[in-house]
Amino acid sequence: MAAITVIMLNYRRPTNVAAILGTLHAQTVKPQIWVWNNSGEALGDKRVAREVVSDANWFCWPRWFL
């Protein structure tokens, strides 16, 4: 089975992130989820494999960095 990595960007929308993580986790193939988090606070969600926490909004650049 193929490995799938999902890269997400978060900026102060924890409710949206929780819903998206739930939907991704419910998929048949469980992806590895990486989050670049511009909110300054860690999500603390066990479904996230890697998380970069930044206290500045880097807009969409982090998706390309990851």
Side-chain angles (χ1 to χ4, degrees):
M1 190 168 280
I4 297 172
T5 301
V6 173
I7 298 173
M8 293 177 52
L9 181 62
N10 174 48
Y11 181 66
R12 297 185 183 164
R13 291 178 176 81
T15 305
N16 293 355
V17 171
I20 292 167
L21 290 175
T23 301
L24 290 170
H25 191 69
Q27 298 295 312
T28 304
V29 177
K30 305 289 186 249
Q32 232 190 31
I33 301 171
W34 293 14
V35 177
W36 186 290
N37 188 349
N38 286 333
S39 72
E41 295 181 26
L43 295 172
D45 194 305
K46 293 178 181 172
R47 297 172 289 189
V48 175
R50 299 191 188 267
E51 180 178 12
V52 177
V53 180
S54 172
D55 60 356
N57 186 3
W58 288 82
F59 303 99
C60 64
W61 283 98
R63 288 180 283 190
W64 296 308
F65 292 152
L66 290 177

Practice problem: Hey, could you give me the CH2/CG distance between W64 and L9, rounded to the nearest 0.5 Å? | Solution: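 Reported value, rounded in 0.5 Å steps: 10.0 Å.
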Suppose we screen for side chain to side chain contact (heavy atoms under 4.5 Å, CB included). Which residues come up paired with A26, at least two apart in sequence or across chains?
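Side chain to side chain contact (heavy atoms under 4.5 Å, CB included) list for A26, sorted by chain: empty.
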Report task. Quick one: list whatever passes side chain to side chain contact (heavy atoms under 4.5 Å, CB included) with P31, sequence neighbours left out. Result ->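 Partners of P31 under the side chain to side chain contact (heavy atoms under 4.5 Å, CB included) test: I4, V6, L24, I33.
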Sequence neighbours left out, cut at 3.5 Å: what donor-acceptor pairs do the side chains of residues 15-23 make with other protein atoms?
residue	atom	partner	partner atom	Å
T23	OG1	A19	O	3.1

Inset, instruction - Flag yes if F59 and I7 sit in one hydrophobic cluster, no otherwise; membership is Ile, Leu, Val, Met, Phe, Trp, Tyr, and two members link when side-chain heavy atoms are under 4.5 Å apart. - result: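 No, F59 and I7 fall in different hydrophobic clusters.
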Exercise. In the single-linkage hydrophobic clustering (I, L, V, M, F, W, Y; side-chain heavy atoms under 4.5 Å), do V52 and W34 co-cluster?
Worked result: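 Yes; W34 is reachable from V52 via cluster members.
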Review point. According to the side-chain hydrogen bond (donor to acceptor under 3.5 Å, both in side chains) rule, which pairs have a member within residues 38-50, sequence neighbours left out?
Key: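 As it turns out, the side-chain hydrogen bond (donor to acceptor under 3.5 Å, both in side chains) pairs with a partner in residues 38-50, which skip direct neighbours, are W36-N38, N37-S39, N38-N57, D45-R47.
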Non-neighbouring partners of T5 that pass side chain to side chain donor-acceptor pair (under 3.5 Å), sequence neighbours left out:
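T5 satisfies side chain to side chain donor-acceptor pair (under 3.5 Å) with no other residue.
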